[in-house]
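Worksheet for the structure shown next.
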2 protein chains.
Amino acid sequence: MPANTDIYNLPERSLRLFKILVEHFIQDGQPVGSRTLARDSDLDLSPATIRNIMADLEDIGLLQSPHTSAGRVPTAKGYRFFVDSLLRVSELTHNEIRRIEEELSASEDTQALLMRTSNMLSDITKLAGIVMLPKQEQHALRQVEFVSLSDNRVLVILVFNNNEIQNRIIHTARRFSPGELQQASNYLVETYAGKDLMTVRKELVRELERMKQNVTSIMTSAIEIAQQAFTKEPIRDDFVVAGQTNLMDIAELCDVERLKKLFDSFNQKRDILHLLEQSAHAKGVQIFIGEEAGYDVLDNCSVVTSPYESEGQILGVLGVIGPTRMHYERVIPIVDITAKMLGSALNSNN
Amino acid sequence: MPANTDIYNLPERSLRLFKILVEHFIQDGQPVGSRTLARDSDLDLSPATIRNIMADLEDIGLLQSPHTSAGRVPTAKGYRFFVDSLLRVSELTHNEIRRIEEELSASEDTQALLMRTSNMLSDITKLAGIVMLPKQEQHALRQVEFVSLSDNRVLVILVFNNNEIQNRIIHTARRFSPGELQQASNYLVETYAGKDLMTVRKELVRELERMKQNVTSIMTSAIEIAQQAFTKEPIRDDFVVAGQTNLMDIAELCDVERLKKLFDSFNQKRDILHLLEQSAHAKGVQIFIGEEAGYDVLDNCSVVTSPYESEGQILGVLGVIGPTRMHYERVIPIVDITAKMLGSALNSNN
DNA sequence: TTTTGCACTCTCGCCATGAGAGTGCTAAAT
DNA sequence: ATTTAGCACTCTCATGGCGAGAGTGCAAAA
């Protein structure tokens with residue numbers, strides 16, 4: 001009789017063994033052989049029996065062996081099965097929770113808070129932390145300030161409800177006096193405060209239309225300036241990575257080629273961003289296993305993510321990047337709780 | 001007669017050979033033997049003669065051989081002598097100059113400009129670019145704005161003459177109304193605009209003294225707020241590094257241990273900052289050779305720096321980090337001209 | 001169904017070997 | 001006096017053989 005090919009109908013014993021094997025491999029990165037497994041499992045089986053079981057698990061695709069005489073390691077599919085069905089996450093200690101809480105005490109502006117979060121994640125997991133910054137599109141404008149610089153340049157300061165602050169410099173057609181700027185600012189706050197940027201832009205277009213008919217509007221200059229101030233999208237980072245160097249300590253990534261590719265992809269942002277966005281609308285913690293997800297820069301890597309939200313609205317995604325062979329049972333709750341606490345920290349920030 | 005031990009009295013011929021050797025080694029990183037040197041030098045000498053000369057150069061301490069049968073490589077002292085006395089920098093092409101000019105066209109705020117500069121440096125040299133951010137202490141305050149956030153939190157926006165913008169959030173003893181904030185802002189700009197932060201702080205202390213005598217001053221609240229706003233030093237980066245991953249391509253640094261140490265020192269900032277500060281008050285381009293300067297994280301590395309200044313005042317330092325075996329003749333003029341252009345870009349930015 | 005026994009395979013570290021590169025020294029040549 | 005040729009010597013590095021160790025798969029026994 002051929003081995004059972006349905007991973008969900010595996011006999012209890014095989015599951016136990018598989019779990020122990022994965023844990024063992026996560027622990028020390030060496031392929032696990034039948035002897036070791038026989039010794040370390042509480043099942044009282046001989047290596048031979050275990051070999052048979054492992055052969056079955058290999059047939060199903062959960063295991064593979066690097067070469068004939070080297071024990072087994074989990075495949076991507078194996079990891080997937082492990083984290084989805086077998087893993088029990090561990091409780092965090094009070095100390096750890098307090099640590100996270102303290103780091104996320106909201107006292108400064110959003111940008112700084114998110115950086116601290118990323119640092120904290122990397123520090124506590126000894127892996128690379130990653131925090132995607134919220135698109136401020138969704139946030140309501142609170143305040144607009146103009147500061148006249150030399151010539152025709154005007155500094156625009158936008159403050160959003162989530163405490164995010166944006167500075168932009170625009171070039172105006174003519175020089176505006178401080179008075180004009182003050183007036184414009186007042187008008188804009190009055191008219192647009194509480195609306196998000198997208199809405200503001202739309203309404204501005206309409207306003208501009210109306211202006212063409214009624215040239216005498218005293219708010220001509222305000223609209224003119226605003227047009228520029230709100231349109232120009234400032235270059236801003238999409239996410240912050242911290243603790244990249246932690247990854248250099250990890251045996252299976254200790255290859256300059258690999259590391260370079262990985263670090264480059266942090267800089268280019270594209271791949272990582274794509275991955276993060278995928279998980280933006282999932283609920284709770286998600287786990288990406290590199291080879292499975294088809295990101296070749298993430299070979300031998302896993303990414304554990306969770307969206308964070310405030311007032312029911314998803315703001316962004318945070319997580320941890322590390323080797324596929326990571327301590328999921330610790331990392332998952334850390335990412336989970338960090339996301340939640342960041343959410344409420346941002347909440348209390350309004 | 002023993003070999004001449006004074007490097008400045010070396011015969012012309014030895015100098016020529018030494019220069020060619022260093023250039024050769026910089027080119028392809030392999031120790032250079034007498035055969036190669038005999039072939040590549042235009043001097044018509046046999047390998048044996050060259051061996052004698054090389055032995056002399058080794059005695060003086062300019063060369064060393066990794067092992068008996070491996071040709072010679074320059075020592076730190078050798079590099080020093082090379083860059084100080086032998087090197088002729090090459091002219092930059094018009095394209096390169098235009099490239100630098102374009103990248104440094106000042107249009108946004110200082111922070112962004114400096115980041116672009118760092119990126120440009122790394123990109124153009126294929127090494128790591130580094131730009132130290134100016135201490136804003138020296139810059140005159142131009143504008144102060146307050147934005148009331150929830151509860152007792154106030155967002156402080158400081159704009160300096162060099163277009164640097166700083167955001168800080170402070171906690172006040174009580175809630176201030178927008179009107180009060182506006183008034184405070186007006187007063188502070190009126191009183192302190194044009195002065196640098198250090199001065200402002202000093203004067204504020206005096207003001208506070210006076211206030212104690214004359215409690216009726218209408219500007220009590222302004223001073224109160226300002227006290228906090230100007231005292232709290234925001235956490236800000238000291239320098240930005242770009243193109244770290246370029247260093248991973250370089251053969252002699254292709255060792256994860258080394259790279260980790262190096263990258264870590266970028267993150268911890270301490271060592272690098274110390275080094276940069278050293279060159280802050282030197283004129284023009286300076287070259288640090290890792291082992292010579294005693295920074296062990298910089299083994300096999302050199303740092304080429306130049307201070308940049310605007311209106312005769314040194315604002316900071318920028319430069320490039322790469323292997324000791326780098327193309328100085330190209331890197332030096334690049335760093336030089338970048339520093340000058342950044343200076344004038346910041347100048348035109350006022 | 002499990003276990004024992006055994007032949008087989010693959011990796012890895014070790015050592016010897018030899019080619020290649022470059023040196024230093026001495027003696028000859030210029 | 002300087003330069004060159006010759007030569008023995010040293011060191012690295014790539015190669016291949018070898019044996020130990022680890023682990024497997026299979027067949028036969030329990």
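Lettering follows sequence order; numbering is per chain, from 1. For the numbers below, each heavy atom of this structure counts, side chains included, while hydrogens, waters and symmetry mates do not.
- Residue Gln30(B) contributes atom CD, which lies 15 Å from atom P of dT12(D) at whole-angstrom precision.
- Classified by interplanar angle (parallel below 30°, tilted 30° to 60°, perpendicular above 60°), the ring pair Tyr79(A)/Phe25(A) is tilted.
- Rounded to whole angstrom, the span from the CD1 atom of Ile50(B) across to the C1' atom of dT4(D) amounts to 12 Å.
- Applying the side-chain contact (heavy atoms from CB on, under 4.5 Å) criterion to Thr68(B), with sequence neighbours excluded, gives no partner residue.
- Of all the residues in residues 36-49 of chain B, Asp44(B), Leu45(B), Ser46(B), Ala48(B), Thr49(B) reach under 4.0 Å from DNA chain D with at least one non-hydrogen atom.
- Under the side-chain contact (heavy atoms from CB on, under 4.5 Å) criterion, Leu273(B) pairs with Asp238(B), Phe239(B), Glu277(B), not counting sequence neighbours.
- Residues from residues 16-25 of chain B that place a heavy atom under 4.0 Å from any atom of DNA chain C: there are none.
- Mapping Pro31(A) and Arg51(B) onto DNA chain D by nearest heavy atom places Arg51(B) closer to the 5' end of the strand.
- Checking the phosphate oxygens (OP1, OP2) of dT2(D), no side-chain nitrogen or oxygen of Arg13(B) falls inside 4.0 Å.
- Of all nucleotides in DNA chain C, those with any atom nearer than 4.0 Å to a heavy atom of chain A start and finish, going 5' to 3', at dT2(C) to dT11(C).
- By the 4.5 Å heavy-atom criterion applied to side chains, Leu262(A) and Cys301(A) are counted as neighbours.
- Residues Leu62(A) and Val22(A) have side chains not in contact (no heavy-atom distance under 4.5 Å, counting atoms from C-beta outward).
- Within residues 62-70 of chain A, the residues having any heavy atom under 4.0 Å from DNA chain C are, by residue number, His67(A), Thr68(A), Ser69(A).
- At whole-Å resolution of the value, CZ in Arg35(B) and P in dT4(D) are 15 Å apart.
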